[in-house]
Engineer: 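The structure is given below, and queries will be raised subsequently.
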There are 2 protein chains.
Amino acid sequence: MQTIIIGSGNVAYHLVKAFKQNNIEIHQIFGRNKAELLKISTEFNIPFSTNQLEDAELYIIAVSDSAVENVSELIKNENALVAHTSGSLPMEILKGNYRKASFYPLQTFSKTKNLDYSKIPFFIEAENQIDEKSLFELASIISENVETSDYERRKYIHLTAVFACNFVNHLFARAKEISDSQDLDFNYFIPLIDETVEKIHHLEPKSAQTGPAVRGDERVLKLHEELITDEEHLKIYQLMNESIKKMYQ
Amino acid sequence: MQTIIIGSGNVAYHLVKAFKQNNIEIHQIFGRNKAELLKISTEFNIPFSTNQLEDAELYIIAVSDSAVENVSELIKNENALVAHTSGSLPMEILKGNYRKASFYPLQTFSKTKNLDYSKIPFFIEAENQIDEKSLFELASIISENVETSDYERRKYIHLTAVFACNFVNHLFARAKEISDSQDLDFNYFIPLIDETVEKIHHLEPKSAQTGPAVRGDERVLKLHEELITDEEHLKIYQLMNESIKKMYQ
């Protein structure tokens, strides 16, 4: 299937890389950001353009959610299949007389970070079964973990991911502010963080809970509140502890 | 050094195991919970007691914070060194005419989960340099990562750990509630969670942030709020997003 990837951000970069690693040809990468497109084009030896979108059988739109609709209007090829990569957009956001689909990789992507694509779950949706099957097969070349999923389900997958990834990373960032404030090396906490995650490979997160709130240790909770000088830290501290207490009461 | 470990919970269990794995002899394990002591005693072939605390050179008190003071009063041996394992207690909580210390392993412990003890940071404090040196050497047999740390520093280490471990695990538990509510297999999210943590081995957590809040994607934030039916989930969702926005504004 002749394929064009639209976008030059983290998701586009890693899709291109995953495709190339698995010998799936990419006909063109297309987008607005010439500098980023040039980098990807050079690294993977793929033609790019900022203004001339080539003809293809499949277009994968890997741009920010807010840009998907506008970008989708650039595709005039009515014989094409067009898929977006968003967890929180319906297929109908795609505006054109082509066949519509969604091709959603559940992962957090940073350009500088290598990934094992075989483990990434892909969630596929298409307007017809033939397209669904072909996208399923395409994703299956990259990943061992491919499912079909409609928009309703995809929205909840994305919401869960925000809790389990985006919020978790933010806690790491806030934790680092605390350790930085005392000149503590954040590397002290890496084995703890690794183990926190390793645990939930084997235990239900609810059963793996430790810490003062689940023990009901009010002395430590009060001690910590006295240590915290940052208003945002205190809000997080209090809300998370209240939530833990409620879960186990 | 003839050593007794007091306690039969998660920390006591793993200290006993770490000591045994490194051929450090334990003279006795002592505590209130006979069933748990018996299990540890049987697994590691160490005498236990619930009422007859033997004489030893070193007592390590690995019980819950709220029990440390009372337990410390049971030790009548004035020639002993007594260390607690708490991140949030001063040495002075120990009530007896013996030499006092702290022996704090920074990790989250569950009995059913194996651990690589060599990676666990230990933070040591003692009233005199000789005791500090001997506890440092003891911890160094178990771990490659031993530091001295006074109470002020230890409190902040513990506070950071609560954000980076206890709160993170709670987010996993809340995320699982969301995925369970839609019959989504939580295993879908394991590669995402693994990568979220793998990233901060290489990137500053602040630079690794992804998700709708850091992108300022108000449409997705609103969409998610409409999906959330649980009051606790909504409070966490809103507070974490506000905190992310403030960090990057």
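A note on names: the letters A, B, ... follow the listed sequences, proteins ahead of strands, and every chain is numbered from 1. Heavy atoms only: backbone and side chains are in, while hydrogens, waters and symmetry mates are out.
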Engineer: Do Glu177(B) and Lys206(A) pass the salt bridge (Lys or Arg N to Asp or Glu O under 4.0 Å) test, and can you show the C-alpha distance, the side-chain angles, and the key distance before you say yes or no?
Structural biologist: CA-CA 10 Å; Glu177(B) 286 182 338; Lys206(A) 192 170 172 179; 5.5 Å; no
Engineer: Of the backbone (N, CA, C, O) and the side chain (C-beta and beyond), which part of Thr112(B) lies under 4.5 Å from a heavy atom of chain A, both, or neither?
Structural biologist: side chain
Engineer: Which region of Pro205(B), side chain (C-beta onward) or backbone (N, CA, C, O), has a non-hydrogen atom less than 4.5 Å from a non-hydrogen atom of chain A, or is it both or neither?
Structural biologist: both
Engineer: Can you say whether Val168(B) sits under 4.5 Å from chain A via the side chain, the backbone, both, or neither, judging by heavy atoms?
Structural biologist: both
Engineer: With no hydrogens and no angle check, just 3.5 Å: does a side-chain donor-acceptor pair link Lys199(A) and Thr108(B)?
Structural biologist: yes
Engineer: Sort Asp183(B) into side chain, backbone, both or neither according to what part of it lies under 4.5 angstrom from a heavy atom of chain A.
Structural biologist: backbone
Engineer: Between Ser86(B), Cys165(B), Gly211(B), which has the largest tally of heavy atom pairs under 4.5 Å with chain A?
Structural biologist: Cys165(B)
Engineer: Any non-hydrogen side-chain atom of Asn241(B) less than 4.5 Å from a side-chain atom of His170(A)?
Structural biologist: no
Engineer: Any idea which heavy atoms bring Thr160(B) and Ala175(A) closest together, and the distance?
Structural biologist: CG2-O, 3.3 Å
Engineer: Counting neighbours of CD on Glu231(B) that are heavy atoms of other residues, nucleotides or ligands and sit closer than 6.0 Å, is the number greater than 12?
Structural biologist: no
Engineer: Side chains of Phe186(B) and Ile200(A), heavy atoms from C-beta outward: is any pair under 4.5 Å?
Structural biologist: yes
Engineer: Against chain B, work out which of Ile193(A), Leu227(A), Ile190(A), Val220(A) has the most heavy-atom pairs shorter than 4.5 Å and name it.
Structural biologist: Leu227(A)
Engineer: Distance from Leu106(A) atom CG to Phe189(B) atom CZ, nearest 0.5 Å?
Structural biologist: 5.5 Å
Engineer: Heavy-atom distance under 4.5 Å to chain A: side chain of Arg219(B), backbone, both or neither?
Structural biologist: side chain
Engineer: Could you have a look at Asn145(B), Leu115(B), Ile120(B) and say which one has the most heavy-atom pairs with chain A under 4.5 angstrom?
Structural biologist: Leu115(B)
Engineer: So which part of Ser149(A) gets closer than 4.5 Å to some heavy atom of chain B, the side chain, the backbone, both or neither?
Structural biologist: neither
Engineer: What are the two closest non-hydrogen atoms of Pro212(A) and Asn166(B), and how far apart are they?
Structural biologist: CD-OD1, 3.6 Å
Engineer: Within this structure, what is the CD1-CG distance for the pair Ile244(B) and Leu171(A), rounded to the nearest 0.5 Å?
Structural biologist: 8.5 Å
Engineer: What part of Lys235(B) gets closer than 4.5 Å to chain A, counting heavy atoms only: side chain, backbone, both or neither?
Structural biologist: both
Engineer: Tell me, for Phe123(A) versus chain B, whether the close heavy atoms (under 4.5 Å) come from the side chain, the backbone, both or neither.
Structural biologist: side chain
Engineer: Hey, does the side chain of Gln107(A) reach the backbone of Pro191(B) with a donor-acceptor pair shorter than 3.5 angstrom?
Structural biologist: yes
Engineer: Looking at Phe172(A), Phe109(A), Phe167(A), which one has more heavy-atom pairs under 4.5 Å with chain B than the rest?
Structural biologist: Phe167(A)
Engineer: Select one option (side chain, backbone, both, neither) describing which atoms of Glu198(B) are under 4.5 Å from chain A's heavy atoms.
Structural biologist: both
Engineer: What residue in Met247(A), Glu152(A), His233(A), Lys246(A) has the most heavy-atom pairs under 4.5 Å with chain B?
Structural biologist: Met247(A)
Engineer: Using a 3.5 Å distance criterion without hydrogens, assess whether the side chain of Gln182(A) forms a donor-acceptor pair with backbone atoms of Ile157(B).
Structural biologist: no
Engineer: What residues of residues 9-20 of chain A make heavy-atom contacts with chain B at a cutoff under 4.5 angstrom?
Structural biologist: none
Engineer: Given side chains that start at C-beta, do those of Glu147(A) and Tyr188(B) come closer than 4.5 Å, heavy atoms only?
Structural biologist: yes
Engineer: Should Asp194(A) and His201(B) count as side-chain neighbours, where that means a heavy-atom distance under 4.5 Å?
Structural biologist: yes
Engineer: Please tell me if the side chains of Ser64(A) and Asp217(B) come closer than 4.5 Å, counting only heavy atoms from C-beta onward.
Structural biologist: no
Engineer: Output the option from Glu195(A), His158(A), Glu232(A) having the highest count of non-hydrogen pairs under 4.5 Å with chain B.
Structural biologist: Glu195(A)
Engineer: Using every non-hydrogen atom in the two residues, find where Val162(A) and His224(B) come nearest and quote the distance to one decimal.
Structural biologist: CG2-CE1, 3.6 Å
Engineer: Applying ring pair (Phe, Tyr, Trp, His ring centres under 6.0 Å), name anything that partners Tyr104(B), two or more places apart in sequence or on another chain.
Structural biologist: none
Engineer: Go through Ser88(B), Ser207(B), Ser179(B), Ser66(B) and name the one with the most non-hydrogen pairs under 4.5 angstrom from chain A.
Structural biologist: Ser88(B)
Engineer: For His202(B), is it the side chain, the backbone, both, or neither that has a heavy atom closer than 4.5 Å to a heavy atom of chain A?
Structural biologist: side chain
Engineer: Can you tell me if Lys111(B) has over 12 outside heavy atoms packed within less than 6.0 Å of its NZ?
Structural biologist: yes
Engineer: Return yes when atom CD of Glu226(A) has more than 12 non-hydrogen atoms of other residues, nucleotides or ligands closer than 6.0 Å, and no otherwise.
Structural biologist: yes
Engineer: Find the one option among Asn187(B), Leu192(B), Thr196(B) whose heavy-atom pairs under 4.5 Å with chain A are most numerous.
Structural biologist: Leu192(B)
Engineer: Quick one: what part of Leu223(B) sits under 4.5 Å from any heavy atom of chain A, side chain, backbone, both or neither?
Structural biologist: side chain
Engineer: Keeping Arg215(A) on the side-chain end and Asp65(B) on the backbone end, is there a donor-acceptor pair under 3.5 Å?
Structural biologist: no
Engineer: Measure Leu159(A) against the heavy atoms of chain B and call it side chain, backbone, both or neither at under 4.5 Å.
Structural biologist: both
Engineer: Looking at Lys176(A), Lys119(A), Glu242(A), which makes the most heavy-atom pairs under 4.5 Å with chain B?
Structural biologist: Lys176(A)
Engineer: Mind checking whether Phe163(A) and Ile236(B) have side chains closer than 4.5 Å, heavy atoms only?
Structural biologist: yes
